[in-house]
Amino acid sequence: MSVCYLRIALDTPLDAVFDYRWQGERPAVGQLALVPFGTREVVGLILAVAESSAVAPDKLKDALAVRSQLAPLSDEWLALVGFAADYYQRPLGEVALPGLPRNLRLASTVALDRGLKKLAAAAVAQDPRPAAMPQLNPAQQEAADAIGQASGFSPMLLFGVTGSGKTEVYLQACAQLLAREPDAQILILVPEINLTPQLEGNIRTRFPGLQLATLHSSLAEGERLRNWLAVHSGAARIVLGTRLAVLASLPRLRLIVIDEEHDPSYKQQEGLRYSARDLAVWRARQLGIPIVLGSATPALESWQHAHAGRYRKLVLRERAVKDAVLPKVKLIDMERERPRDGLTAPLLEAIRARLARGEQSLLFLNRRGYAPVICCESCGWISNCSRCTAYMVLHKSEHRLRCHHCSLEMRIPRHCPTCGNVDLQPLGRGTQRVEEHLAALFPQARILRIDADSTRRKGSAQAAFDSVHRGEVDILIGTQMVAKGHDFKNLTLVGILNPDTALFSQDYRASERLFAQLMQVAGRAGRAGGDVPAEVLIQTRYVQHPLYAAVLRHDYERFAAVILTERRQAGLPPFIYQALLRAEARAVEDAIAFLEAARDGMEHAGITINDPIPMTMTRVANVERAQLLVESASRPQLQAWLKAWVAYLRSLKTRVKWSLEVDPIDI
Ligand code: ADP
Ligand code: ZN
Ligand code: ZN
């Protein structure tokens with residue numbers, strides 16, 4: 001038993017790496033160790049093992065245990081979390097450790113040992129050979145071959161219209177790779193948990209002998225640990241997950257697939273605000289492996305990479321199912337067709353026709369609740385949230401008002417709090433209200449609403465989608481939850497209510513997002529072919545708007561060209577790089593004052609610093625929020641400057657809570 005010294009990263013808010021003494025078998029870099037920290041015992045990550053330490057012997061504490069039953073995390077993984085910490089300006093421990101299953105970070109090893117035992121028991125002979133696969137069309141085949149045969153770092157953009165059979169391309173590319181390298185691991189990322197079951201089913205039937213693991217945030221802790229261990233050991237060969245899976249330990253990773261790569265959910269919006277897509281590309285480059293980004297409406301960043309020749313573009317222009325064509329998109333001019341209860345006559349007519357033919361309709365409205373606000377018509381009172389710059393949303397069936405930002409809830413007032421008027425009116429409409437109207441209009445129809453409220457219970461979203469797939473639903477109403485990915489076979493009408501608000505947002509990305517969303521939700525219609533072409537009806541007051549013109553023609557490429565030209569002229573991403581400093585305080589003046597100090601405290605040659613401004617939604621849960629945007633035409637220059645800036649910001653020792661976001665997508 002000899003003594004050595006361990007450099008260990010802990011999950012602490014400061015960039016802290018600590019030395020500990022260890023007596024025992026010499027551990028490896030990348031192993032986990034239990035150490036005392038303050039009054040607690042915590043698990044940290046071993047970054048180095050040395051013969052000596054610069055820390056005075058009487059200051060050194062002893063590490064308590066090394067998790068030697070667990071194979072070390074690889075150099076590749078350490079490099080990945082190191083890069084993420086560096087790039088997003090966060091402490092290494094805060095990036096590396098929270099990404100690990102919680103059960104791995106407990107002082108007790110009971111859960112870990114149980115997980116490892118289960119893993120050993122589950123190890124079965126694997127047969128990576130796929131079951132029979134459908135015949136690909138020529139464009140699919142070309143794409144599948146390009147991906148399946150790629151070697152070295154090869155980033156590819158699979159640009160395929162909705163229903164073009166991108167999934168089939170991924171699966172056949174996986175089959176080609178696994179035929180060549182039976183041990184390989186493949187990481188497939190999807191934007192939403194509720195898309196994993198459908199894809200999981202597809203993968204299991206195609207690769208019946210192959211171990212598949214899912215990684216997403218709604219797994220129970222025990223399952224999360226078991227799946228993580230299966231991936232870390234290399235036993236799980238296909239790993240299907242949401243954004244957090246990009247940080248998994250994958251010792252034999254040979255291919256990465258990102259489906260719906262444009263989706264905003266690939267961006268983590270709190271804590272370590274990383275882009276899973278960007279990290280995945282970095283990981284592929286570092287490993288020298290292919291990566292494919294798939295979408296019908298690629299992120300403009302990815303599209304620009306493809307145009308600059310950095311990504312290879314693979315194109316699927318047609319729908320895969322025989323006779324299936326893209327749906328016919330039409331605008332309903334709400335200035336001419338006055339809606340009743342938010343629904344115009346042509347839309348109702350179209351729904352009626354679907355009901356008569358036994359086909360399904362989908363109504364898309366990206367606003368949950370009954371009505372976004374209630375008001376008093378006699379004095380003008382409206383249901384503001386007392387803690388946020390936001391309205392309290394009416395949830396009628398529960399008789400409650402609820403703030404979607406701070407979760408404040410209250411009973412619906414019986415009378416106006418200001419003037420006593422008893423006749424309070426809902427203003428505008430959310431999915432619940434549309435559901436109520438439709439039920440009154442079509443009493444015979446089977447109507448189902450899918451949104452965050454209707455799917456709170458675990459498993460209920462899955463059950464709801466299953467019943468749509470089984471044909472037990474005539475009219476589906478939903479938010480963006482229903483817009484993406486799902487392959488509804490009997491759906492021939494999509495109605496889009498109220499998309500106009502996003503046209504005039506001050507966020508320059510709003511139009512890109514709206515376009516993608518409309519194309520996605522439109523893409524749910526007509527996927528199985530049929531005699532009568534499917535329809536998409538958009539209710540709008542702006543029938544002349546160029547964005548809708550592009551949607552009518554399903555013309556992503558034109559749209560992207562126009563927006564990219566605008567962005568280039570305006571000096572916006574992807575042509576420049578940004579970071580956003582956010583500050584939170586009880587008083588907005590304090591937040592602004594901090595940001596001013598941050599702005600004025602450092603030289604900034606080559607960096608543009610804008611003025612601090614209150615955020616659009618200034619107050620959330622009684623906290624005032626402001627932000628400061630910095631920009632540069634050079635990413636390395638911005639990176640170097642941010643590093644120095646963060647050090648400076650820490651030295652300010654302010655009471656204001658601040659955070660820095662690199663490559664923000666919500667400004
Ligand atoms: P995307 O992800 O591009 O929107 P999907 O992968 O969901 O499209 O495929 C759309 C539909 O086309 C699915 O029902 C799928 O089974 C079917 N499909 C895919 N490829 C083929 C093919 N080569 N021949 C027939 N049907 C196909
Ligand atoms: Zn009133
Ligand atoms: Zn609130």
Side-chain angles (χ1 to χ4, degrees), residues 132-144 158-173 188 190-191 195 198-199 201-203 205-206 257-261 263 292 294-298 314-327 373-393 401-410 413-425 469 483-491 519-529 554 617-623 625:
M133 295 221 169
Q135 181 77 36
L136 296 183
N137 64 37
Q140 283 177 307
Q141 190 67 53
E142 198 177 312
L158 178 60
F159 170 52
V161 300
T162 54
S164 58
K166 294 186 281 296
T167 314
E168 208 55 59
V169 170
Y170 306 143
L171 294 179
Q172 301 219 14
I188 303 179
V190 291
L195 290 174
Q198 204 176 10
L199 189 51
N202 277 337
I203 298 172
T205 39
R206 286 318 162 64
V257 173
I258 307 189
D259 193 25
E260 312 287 6
E261 63 91 32
D263 200 281
V292 51
S295 177
T297 52
L314 310 167
V315 184
L316 306 177
R317 292 207 182 274
E318 254 134 53
R319 285 197 154 176
V321 171
K322 195 169 165 324
D323 298 332
V325 290
L326 287 171
V373 60
I374 60 171
C375 69
C376 166
E377 285 176 345
S378 84
C379 78
W381 173 87
I382 48 175
S383 56
N384 283 310
C385 174
S386 58
R387 296 152 33 103
C388 308
T389 322
Y391 298 127
M392 300 282 285
V393 176
L401 296 177
R402 186 178 295 147
C403 173
H404 290 180
H405 301 279
C406 73
S407 305
L408 183 68
E409 282 197 28
M410 59 169 74
R414 277 178 214 286
H415 45 75
C416 171
T418 320
C419 75
N421 171 19
V422 290
D423 191 21
L424 296 177
Q425 291 297 326
H469 286 296
K484 39 188 134 173
H486 285 277
D487 193 29
F488 301 123
K489 294 282 194 262
N490 193 29
L491 187 80
M519 296 287 277
Q520 288 299 320
V521 67
R524 296 315 106 207
R527 295 167 71 90
H554 298 276
M617 187 177 293
T618 312
R619 188 159 32 95
V620 169
N622 282 332
V623 173
R625 311 173 319 155

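Read the numbers this way: they start at 1 and go in the same order the structure lists the ligands and their atoms.
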A.B. asks: Quick one: CG on Leu401 to CG on Leu424, what's the gap to the nearest 0.5 Å?
C.D. replies: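 Output value for this atom pair is 9.0 Å.
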
A.B. asks: Side chains of Thr162 and Arg319: any donor to acceptor distance under 3.5 Å?
C.D. replies: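 Their side chains do contain a donor-acceptor pair, which is all the 3.5 Å distance test asks for.
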
A.B. asks: With 2.8 Å as the limit, jot down which protein N, O or S atoms are around the Zn ion (ligand 2).
C.D. replies: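 Near the Zn ion (ligand 2), the protein supplies Cys376 SG, Cys379 SG, Cys416 SG, Cys419 SG.
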
A.B. asks: Does CD in Glu142 sit with more than 12 non-hydrogen atoms of other residues, nucleotides or ligands closer than 6.0 Å?
C.D. replies: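 Result for CD/Glu142: open.
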
A.B. asks: Listing by chain and number, which residues have a heavy atom under 4.0 Å from ligand 1?
C.D. replies: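 Within the 4.0 Å shell of ligand 1, which is judged on heavy atoms, sit Gln135, Leu136, Asn137, Gln140, Val161, Thr162, Gly163, Ser164, Gly165, Lys166, Thr167, Glu168, Ala320, Val321, Asp487, Lys489, Arg527.
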
A.B. asks: Nearest 0.5 Å please: distance from the OG1 atom of Thr167 over to the CZ atom of Arg206.
C.D. replies: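 Those atoms lie 9.5 Å apart.
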
A.B. asks: So, 2.8 Å as the limit: is an N/O/S atom of His404 located closer than that to the Zn ion (ligand 3)?
C.D. replies: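 False for His404.
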
A.B. asks: How long is the gap from CD on Gln140 to CD on Glu318, to the nearest 0.5 Å?
C.D. replies: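 If I round to the nearest 0.5 Å, the distance is 11.0 Å.
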
A.B. asks: To the closest 0.5 Å, what do you measure between CZ (Phe159) and CG (Leu316)?
C.D. replies: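 It comes to 9.5 Å.
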
A.B. asks: Decide, yes or no, whether a salt bridge links Lys484 with Asp263 under the criterion of side-chain N to carboxylate O below 4.0 Å.
C.D. replies: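 A salt bridge links Lys484 with Asp263.
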
A.B. asks: Kindly compute the distance separating OH (Tyr170) from CD1 (Ile258), expressed to the nearest 0.5 Å.
C.D. replies: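 CD1 of Ile258 is found 9.5 Å from OH of Tyr170.
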
A.B. asks: Are Tyr391 and Asn384 linked by a side-chain donor-acceptor pair shorter than 3.5 Å?
C.D. replies: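 Per modelled atom types, Tyr391 and Asn384 side chains form no pair under 3.5 Å.
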
A.B. asks: Let me confirm one number: the CD1-SG distance from Ile382 to Cys375, rounded to the nearest 0.5 Å.
C.D. replies: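 Reported value, rounded in 0.5 Å steps: 8.0 Å.
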
A.B. asks: How wide is the angle at the Zn ion (ligand 3) between SG of Cys385 and SG of Cys406, to the nearest 10°?
C.D. replies: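 Once rounded, the angle between the two atoms at the Zn ion (ligand 3) is 110°.
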
